[in-house]
Amino acid sequence: VSELANRVLSGDLRATARLCRLADDRVPGYRDAMKALYPHTRGAWMVGITGNPGAGKSTLVDRLLRLLRAEGVRVGVVAVDPTSPFSGGAILGDRIRMQEHFSDPDVFIRSVATRGALGGLSRSALDIARVLAGWGAKVVLIETVGVGQDELEIANTADSTLVVVAPGLGDDVQALKAGILECADVFAVNKADLAGADAAAADLEHMLSLGADTTVVHGHRVSSVASNSIGERWIPPVLKCVASRGDGVAEILTALRAHRAWLESERGSARRFARAKLALTERLKDALAERVVGENETAIDVLAAKVLSGAVDPYSAVDELLGTNA
Ligand SMILES: Nc1nc2c(ncn2[C@@H]2O[C@H](COP(=O)(O)OP(=O)(O)OP(=O)(O)O)[C@@H](O)[C@H]2O)c(=O)[nH]1
Ligand SMILES: [Mg+2]
């Protein structure tokens, strides 16, 4: 395993693909490889790109990739497809859109499909992003459809999150899942070549101004009376673009970089801490659930039968299992 980690760190493509697979399948022992990688990945920049289906996320990712590659930056892309496991759909479309990057030795693109396990998707995506950082990606772009809790979690644990909105998709701005607005660091109003982009941008600005008396710290709103200045908080800029032509995309990259600079400054320390804490507690929840369920299979069956027969209620059953009476 440490041999595998070393090969990933040396930039070996096959080893990287292999570790991505092990991480995706949670093959026992992959965590040791992750431990070996981690210290070498702290400098990587994880950028989440989320938004409604069809908003233009992949097109934007392709454009951001081009800009970063023109600067010589090595880039990883993680495309999370919650619906179609490798059977076409969004991933096939993404492959076509990102075709030219597949032959670039400094771009590593990896798709993640739903595993079915609770919380599995986001953990896989984040682990794979970490593997790509180990391979040497300085920037990892993580594309997710902003519809489920998993996606929200990815957006919340990325360093910088770009939320893509497009006019003409239902109620566009209103259709954004609750919580997505709060985790946006930069808004891209894409398809500015179509009618309604200005209105969508105005809607967003309006919504943001409604929240202007609060500070957005990592999805939690904290009264700014306490922090008392805009010095502490990051106000997400709303930028229009036409991803299909590449218009406005350089400005989006600049805004994301400004966010990163903010994050790494003293002012971003609360957000950095909140992010590290969330990543840790989510992993802890996973590990605890795995352990408790794994070690108590028989007891769980016995208790489930009792719940079914009405001999015990599920709340008491949980207390009994955990040995608490709280
Ligand atoms: N008119 C216009 N169309 C665009 C623009 N950007 C993307 N599109 C089109 O919008 C459609 C969806 O683009 P994608 O990049 O696949 O969107 P997505 O958000 O990745 O979609 P999913 O991954 O399926 O959720 C495609 O047909 C694109 O060609 C734009 O700026 N203007
Ligand atoms: Mg896409």
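Atoms within a ligand are numbered from 1 in the order they appear, just like the ligands themselves. FYI, the numbering just counts along the sequence from 1.
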* Under a 4.0 Å N-O cut-off, is there an ion pair linking Asp185 with Arg260? -> no
* Asked: Salt bridge or not for Asp247 and Lys240, using N-O below 4.0 Å?
  -> no
* Among Leu22, Leu37, Asp32, Thr16, which one satisfies side-chain contact (heavy atoms from CB on, under 4.5 Å) with Leu4? -> Leu22
* Shortest reach to atom 6 (N) of ligand 1 by a heavy atom, considering only Thr144, Ile49, Val189, Asn190 -> Asn190
* To do: From the options Lys191, Lys240, Arg63, Lys57, select the one whose nearest heavy atom is closest to atom 9 (C) of ligand 1.
  => Lys191
* Ser58 N/O/S atom closer than 2.8 Å to the Mg ion (ligand 2) -> yes
* To do: Find all atoms of ligand 1 within a distance of less than 4.0 Å from any non-hydrogen atom belonging to Glu143, and give their numbers and elements.
  => 20 (O), 23 (O)
* **Remaining members of hydrophobic cluster (4.5 Å side-chain criterion), Leu280** => none
* Structure fact -> The atom name of the N, O or S atom in Glu143 nearest to the Mg ion (ligand 2) is OE2
* Under-4.0 Å heavy-atom contact with ligand 1, by part of Asp193 that carries it -> side chain
* Look at the aromatic rings of Trp262 and Trp234 and report parallel, tilted or perpendicular, splitting at 30° and 60°. => tilted
* Do any heavy atoms of Arg245 fall under 4.0 Å from ligand 1? -> no
